[in-house]
> 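Got a structure here, written out as structure tokens. Questions coming.
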Amino acid sequence: MAAGRPGRALTMDGSWDAGAARIGPVAQPAPDTKVRGLVRRFGPTAVLDGLDIDIPAGRFVALLGRSGSGKTTLLRTLAGLDTAEQGEVILPPKRAVVFQEPRLMPWKRVWENVALGLPDHDARDRAELALREVELAHRMDAWPLTLSGGEAQRAGLARALVRDPDLLLLDEPFAALDALTRLRMQALVTALWKRHGMAALLVTHDVDEALLLADHAVVLQRGQIGLQLPIDLPRPRRHGTPAFAVLRGELLGSLGLSAEEAA
Amino acid sequence: MSEQVLNVAPPGAWRRGSTGIGAWLRRQEVSAPRLRGLGLRRFATPLGILILWQAASSSGVLPARAVPPPLAVVAAARDLLLSGALIHHLSVSLLRVAAGLAIAIAAGASLALAAGLSRLGEDLIDPPLQMARTLPFLALVPLFILWFGIGETPKVALVALGATFPIYLNLFAGIRGADPKLVEVAATLGLSRAGLIRHVVLPAALPHFLTGLRYAIGIAWLSLVVGEQINADSGIGYLMMDARDFLRTDIIMVGLAVYALLGLASDQAVRALERKALAWRPAARVGR
Ligand SMILES: Nc1ncnc2c1ncn2[C@@H]1O[C@H](COP(=O)(O)OP(=O)(O)OP(=O)(O)O)[C@@H](O)[C@H]1O
Ligand SMILES: [Mg+2]
């Protein structure tokens with residue numbers, strides 16, 4: 001019943017804990033994420049068609065692309081939830097995922113959700129620390145179904161953080177939130193990323209979000225990375241500066257939109 | 001046909017009409033708070049029926065031999081209580097149901113776990129159980145008497161057999177129905193298979209198990225009624241059959257009332273269990 005059974009992968013192993021040890025030797029504590037020639041088909045069409053991508057340790061990469069372009073498929077492959085047919089993937093051992101929906105176990109209290117899978121002895125303390133980081137410590141004993149959408153998503157973030165991941169995978173984590181909450185969550189993720197220094201891959205539809213958060217924006221097109229855009233803006237970043245507008249136009253263009261259409 | 005429908009419900013009529021969904025919804029809105037405030041109102045109709053019944057009996061409209069007056073039923077209940085007979089037969093019946101249910105829970109849950117958690121288990125266990133459940137199990141009574149005689153065994157076995165199916169079917173469906181999205185989360189959190197079962201699959205199946213338990217209890221009482229009316233020398237069912245031989249309809253009525261109260265009480269017990277075990281559900285959904 002566990003996701004990610006070994007499939008027909010050449011060098012890939014779908015299972016979660018096989019990690020880098022199985023795929024490539026781990027030189028440093030947190031190796032870069034490297035993907036080469038990844039192919040994933042659903043039926044006759046290849047969703048990922050020889051895709052290469054690098055996520056250097058500590059870097060924040062935003063992944064954009066049209067709906068159905070394969071962003072979630074790529075993220076699931078990196079998360080060990082999906083097995084590619086072909087290709088080579090080198091991953092850091094500790095990865096954590098934040099999904100678009102919070103995906104909390106409704107029968108476990110918030111802190112138990114965060115602590116799930118941790119060794120027992122200090123699980124509650126570690127969960128509390130992580131919840132404090134996302135400003136949710138006061139709700140640690142609540143049932144998940146009583147949380148607001150934003151609170152639930154922060155609990156999901158705490159559950160990922162508490163594992164101290166080398167690579168944080170985020171699949172449109174703010175898409176279902178209102179604009180104000182989304183802004184606060186973006187600031188929160190930036191702060192956490194700076195403090196913890198993990199690599200992050202953020203799937204998003206929102207060009208502005210990518211420009212506010214990421215070191216690199218990459219655009220998925222026809223199963224490959226079509227555009228790689230370094231974002232060299234100083235942090236903290238603001239909307240509307242001229243440099244921001246230039247990058248924004250470039251990203252929108254590669255998504256097939258003009259800046260006027262998006263505004 | 002379509003003309004008729006148009007005549008009955010012109011566009012938008014359901015909002016205004018006094019019948020149909022719109023009116024029903026409005027009635028729900030209006031009456032729900034009032035009902036909660038005046039809980040006693042719900043007892044008005046049953047009480048009225050009792051009074052009418054007593055009046056009909058007293059005036060001779062209802063022949064006492066066919067339907068005893070309510071006061072006679074109360075008197076019979078008091079006599080049975082004072083003589084200790086009611087307590088004796090009640091405890092025998094309760095014991096039979098408890099034993100049968102315990103066996104059913106153990107058997108139904110083990111089978112559902114084995115079938116739900118492994119494909120091999122499913123292939124071996126599910127087909128025979130799906131076939132067996134279509135059998136009206138009460139028809140097995142003659143066979144059970146031949147196999148187990150006329151002691152406690154056939155009665156407990158009948159309860160156990162009938163109650164096993166709802167436990168098995170609901171728990172099995174609950175295990176298989178665990179949300180694949182949560183199963184994925186468990187994988188990304190590095191849970192082992194045992195951890196997945198303990199933290200995700202079984203808690204997800206618990207509400208289904210409790211639903212199964214409620215059905216099982218209903219079937220258990222039904223099986224007991226049947227089991228106790230055949231070759232029994234104790235139990236509520238025996239009390240009623242014995243009363244039949246002496247044309248004591250009042251005692252039969254007492255038996256019926258006891259069965260009804262037992263069914264009600266056990267249903268309440270499971271609801272209480274649900275409230276406790278499913279405390280994580282928002283309050284409005286518990287017990288629905
Ligand atoms: N399990 C599956 N079976 C069949 N087709 C699938 C499956 N998963 C994904 N696909 C298909 O693969 C393509 C890529 O899907 P994916 O979910 O990766 O897109 P996405 O880029 O995340 O889109 P969105 O932005 O809408 O979330 C889609 O056409 C989708 O229909
Ligand atoms: Mg997606």
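Proteins come first, then strands; the chains are lettered A, B, ... in the order of their sequence lines, and each starts at number 1.
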> Take atom CG in A:Asp120; do more than 12 heavy atoms of anything else shown fall under 6.0 Å from it?
no

> Where on A:Leu104 is there a heavy atom nearer than 4.5 Å to chain B: the side chain, the backbone, both, or neither?
backbone

> At what distance, to the nearest 0.5 angstrom, does CZ of A:Arg159 lie from OG1 of B:Thr188?
6.5 Å

> What's the shortest heavy-atom distance between B:Ala279 and A:Trp143, and which atoms?
O-NE1, 3.6 Å

> Quick check on B:Arg198: does its CZ atom have over 12 non-hydrogen neighbours (other residues, nucleotides or ligands) under 6.0 Å away?
no

> Apply the test side-chain contact (heavy atoms from CB on, under 4.5 Å) to residues B:Asp179 and A:Arg103: give CA-CA distance (whole Å), side-chain angles for both, the deciding distance (0.1 Å), then the verdict.
CA-CA 10 Å; B:Asp179 185 353; A:Arg103 297 201 190 184; over 6 Å; no

> Under a 4.5 Å heavy-atom cut-off, does chain B meet the side chain of A:Glu112, its backbone, both or neither?
neither

> Taking all atoms of both residues into account, what is the closest heavy-atom pair of A:Pro106 and B:Leu182, and its distance?
CD-CD1, 4.0 Å

> Keeping the roles fixed (side chain from A:Trp107, backbone from B:His199), state whether a donor-acceptor pair exists under 3.5 Å.
yes

> Minimum heavy-atom separation for A:Leu145 and B:Pro282, please, with both atom names.
CD1-CD, 3.5 Å

> Using a cut-off of 6.0 Å, state whether more than 12 heavy atoms not belonging to B:Tyr215 lie near its atom OH.
no

> Could you pull out every donor-acceptor pair under 3.5 Å between side chains of residues 113-120 of chain B and any protein atom, sequence neighbours left out?
{"unit_1": "B:Ser118", "atom_1": "OG", "unit_2": "B:Ala114", "atom_2": "O", "d": "3.4"}
{"unit_1": "B:Ser118", "atom_1": "OG", "unit_2": "B:Gly121", "atom_2": "N", "d": "2.8"}
{"unit_1": "B:Arg119", "atom_1": "NH1", "unit_2": "B:Glu122", "atom_2": "OE1", "d": "3.4"}

> Side chain, backbone, both or neither: which part of A:Arg76 has a non-hydrogen atom closer than 4.5 Å to chain B?
side chain

> Distance check, rounded to the nearest 0.5 Å: A:Leu81 atom CG versus B:Lys181 atom NZ?
12.5 Å

